[in-house]
Amino acid sequence: MKIDRIELREIHMRLKAPFETSFGVVQDRRILLVQVCSDGVCGWGEGTAMEGPYYNSETIDTAWLMLEKYLIPLVQGRELESARDIPEILSAVRGNEMAKAALENAVWHLESLMRGMPLSRLLGGARQEIPCGVSLGVQSGIDALLALVEREVAAGYQRIKLKIKPGKDIEVVREVRKRFPNIRLSVDANSAYTLADTWHLKRMDEFNLLMMEQPLEWDDVHNHSLLQACIDTRICLDESIHHLRHAAAALETGACRAINIKLGRVGGHTEAMRIQQHCLERKTPAWCGGMIESGIGRAHNIAMSTQAGFIWPGDVSASRRYWDEDIIEPEVLVSPEGTIAVPLTPGLGYEIRERRIEQLTVRQQSYQSRTVLATR
Ligand code: OSB
Ligand code: MG
């Protein structure tokens with residue numbers, strides 16, 4: 001397939017409720033979409049960089065810049081065998097995984113359409129349904145949190161993850177565990193602690209958590225290996241893992257015993273595939289993380305989660321938990337058993353609502369044969 005047109009868009013979508021983590025609060029999402037076309041067939045990818053550089057170092061604006069100035073020119077007008085070729089083509093550019101992933105994943109979608117295959121099957125996934133969990137933001141009070149947990153457990157979700165931060169951790173988890181003694185429960189600190197908090201974090205051991213996600217510095221695997229040696233709760237790394245070598249080193253040094261795989265953070269489907277394969281071979285649980293995606297990112301996450309290494313419920317939940325109106329049709333639905341049925345039509349398996357996307361677009365740029373075509 002020859003890539004003859006690439007388009008970047010920024011759309012604005014408002015979350016039904018603010019989402020709070022240890023690094024900040026977001027309600028108005030600025031979402032980057034990439035469309036890659038060949039012979040009139042177009043694939044879509046979502047850039048999962050956030051509005052500010054507080055989860056990782058990328059933002060929607062840096063991703064746009066990297067795509068426009070460095071990444072798109074490498075792919076524009078190229079004849080490709082497969083989306084698998086993309087990482088090598090982009091390899092001279094360091095880091096910027098979320099920008100790369102948006103582009104690579106759009107090419108994966110395009111390839112699945114051109115081959116007339118479901119993306120999940122093109123990636124080698126076999127699952128017909130995937131297990132789902134939810135991620136609950138930091139809440140103002142314990143009653144609000146308990147009510148939310150109640151609602152999501154009743155909806156069927158198979159794992160509840162609580163965002164924690166200093167001052168809203170041990171006692172919060174204690175209350176939730178007391179009320180729900182048998183649910184699969186985990187916590188995510190988004191790098192809010194340091195090694196000096198080891199004995200504080202060890203108090204989590206009494207709550208029988210499935211895992212504790214990214215307690216320490218975003219770029220420090222070594223300190224996690226020291227912490228993991230002191231606590232019984234399984235550490236899962238999120239922010240620290242940007243590619244297979246990070247994952248392999250983290251497992252080898254005992255820095256974690258589970259891995260959160262996010263398409264954006266690891267640079268796209270090809271690298272995600274390699275990491276889940278590595279986890280599978282080492283019998284280490286991997287699961288699909290989320291970045292509060294629109295339907296396009298959600299559909300990519302669903303396709304990815306059908307691979308054998310994704311054995312724990314992901315943070316892939318129903319569209320309506322976040323959006324009044326999604327940009328795909330049907331929206332992502334979760335069954336009363338807490339699963340998503342994997343769509344098996346060619347491509348992502350959902351219709352892209354282009355008219356809706358048009359309405360939500362605040363900037364847009366087309367690239368064709370290395371020249372800018374249209375701006376608005
Ligand atoms: O750490 O997993 C995280 C959202 C934004 C940034 C980081 C994280 C999250 C979530 C939300 O936990 C997961 C979702 O999309 O539902
Ligand atoms: Mg996380």
Side-chain angles (χ1 to χ4, degrees), residues 13 15-32 46-60 63 97-98 101 130-139 148-149 152 155 157-165 185-193 209-219 224 234-242 250 256 258-266 285-302 304-305 312-323 326 331-332 334 338 340:
M13 289 175 78
L15 291 164
K16 282 180 166 180
F19 189 85
E20 181 174 346
T21 62
S22 65
F23 60 82
V25 188
V26 61
Q27 180 154 26
D28 290 297
R29 293 282 289 119
R30 295 175 56 202
I31 296 175
L32 173 63
E46 177 167 341
T48 60
M50 304 219 66
E51 294 73 19
Y54 311 117
Y55 162 79
N56 66 344
S57 62
E58 296 183 76
T59 71
I60 174 172
E97 289 84 5
M98 288 179 166
I130 60 163
C132 306
V134 291
S135 172
L136 301 180
V138 174
Q139 301 297 311
L148 270 184
V149 175
E152 304 299 7
Y157 285 100
Q158 299 184 18
R159 186 225 64 216
I160 306 291
K161 158 170 140 186
L162 310 176
K163 291 288 191 183
I164 57 167
K165 64 178 190 179
L185 188 64
S186 67
V187 294
D188 185 356
N190 289 111
S191 301
Y193 301 90
L209 299 177
L210 186 63
M211 64 188 137
M212 178 192 296
E213 200 176 321
Q214 195 73 34
L216 309 181
E217 294 85 350
W218 66 276
D219 60 348
H224 282 98
R234 195 189 276 258
I235 292 176
C236 172
L237 289 180
D238 172 350
E239 281 89 330
S240 294
I241 308 296
H242 292 242
C256 67
I259 291 183
N260 168 329
I261 300 179
K262 288 183 183 168
L263 272 172
R265 204 195 61 233
V266 305
W287 55 282
C288 175
M291 290 296 294
I292 331 181
E293 290 92 345
S294 79
I296 290 177
R298 232 161 261 279
H300 276 284
N301 285 340
I302 293 166
M304 172 173 84
S305 303
W312 277 355
D315 279 343
V316 189
S317 58
S319 299
R320 71 162 72 106
R321 290 190 61 250
Y322 291 123
W323 314 117
D326 206 342
E331 60 175 38
V332 174
V334 169
I340 292 171

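Counting starts at 1 for both ligands and their atoms, following the listed order.
Listed by atom number, the atoms of ligand 1 under 4.0 Å from Asp315 heavy atoms are 12 (O), 13 (C), 14 (C), 16 (O). Below 4.0 Å from some heavy atom of Lys163 lie the following atoms of ligand 1, by number and element: 1 (O), 2 (O), 3 (C), 8 (C), 9 (C), 10 (C), 12 (O).
Nearest to atom 12 (O) of ligand 1 among the protein's heavy atoms is Ser135 OG, 2.8 Å. Looking only at heavy atoms of the protein, atom 13 (C) of ligand 1 is closest to Gly290 O, 3.6 Å. Residue, atom and distance of the protein heavy atom nearest to atom 16 (O) of ligand 1 are Tyr322 OH, 2.6 Å. Distance from atom 1 (O) of ligand 1 to its nearest protein heavy atom, with residue and atom name: Asn190 ND2, 2.7 Å. In terms of protein heavy-atom proximity, atom 15 (O) of ligand 1 is nearest to Ile292 N, 2.8 Å. For atom 5 (C) of ligand 1, the closest non-hydrogen atom on the protein side is Met50 SD, 3.8 Å.
Backbone and side-chain nitrogen or oxygen atoms of Tyr55 are examined, and none is located within less than 3.5 angstrom of a nitrogen or oxygen of ligand 1. Between Arg298 and ligand 1, no N or O atom pair is found at a separation short of 3.5 Å. Some N or O of Asp238 is nearer than 3.5 Å to an N or O of ligand 1, by distance alone.
Assignment of Gln214 to the shell around ligand 1 is not supported, since no heavy atom sits closer than 4.0 Å. At least one heavy atom of Lys161 sits closer than 4.0 Å to an atom of ligand 1.
Between Ile60 and Ile31, every side-chain heavy-atom pair lies at or beyond the 4.5 Å cut-off.
Using a 4.0 Å cut-off between charged nitrogen and carboxylate oxygen, Lys165 and Glu20 count as a salt-bridge pair. A salt bridge between Glu152 and Arg321 is present, with a side-chain N of the basic residue lying under 4.0 Å from a carboxylate O of the acidic one.
Note that the OG1 atom of Thr48 and the CE atom of Met98 stand 3.5 Å from one another [nearest 0.5 Å]. Remark: Ile261 CD1 to Ile241 CD1 distance equals 9.5 Å, nearest 0.5 Å. Here Tyr193 contributes atom OH and Leu216 contributes atom CG; the two are 10.5 Å apart, rounded to the nearest 0.5 Å.
Between Cys132 and Ile340, the shortest heavy-atom contact is SG-CG1, 3.4 Å.
Ser294 and Glu46 are linked by a side-chain donor-acceptor pair at a separation below 3.5 angstrom, with hydrogens and angles left out of the test. Between the side chains of Glu213 and Asn260, a donor-acceptor pair is found at a separation under 3.5 Å. No side-chain donor-acceptor contact under 3.5 Å links Asp188 and Gln214.
If you look at Asp188 next to ligand 1, the close heavy atoms, those under 4.0 Å, all belong to the side chain.
Inside a sphere of radius 2.8 Å centred on the Mg ion (ligand 2), the protein N/O/S atoms present are Asp188 OD2, Glu213 OE2, Asp238 OD2.
Because its NZ or CZ atom is both nearer than 6.0 Å to the ring centre of Trp287 and within 45° of the ring axis, Arg159 counts as a cation-pi partner of that residue.
Between Phe19 and Tyr322, the angle of the ring planes goes over 60°, which puts this pair in the perpendicular group of the 30/60° scheme.
Surrounding OH of Tyr54 are at most 12 heavy atoms belonging to other residues, nucleotides or ligands under 6.0 Å away.
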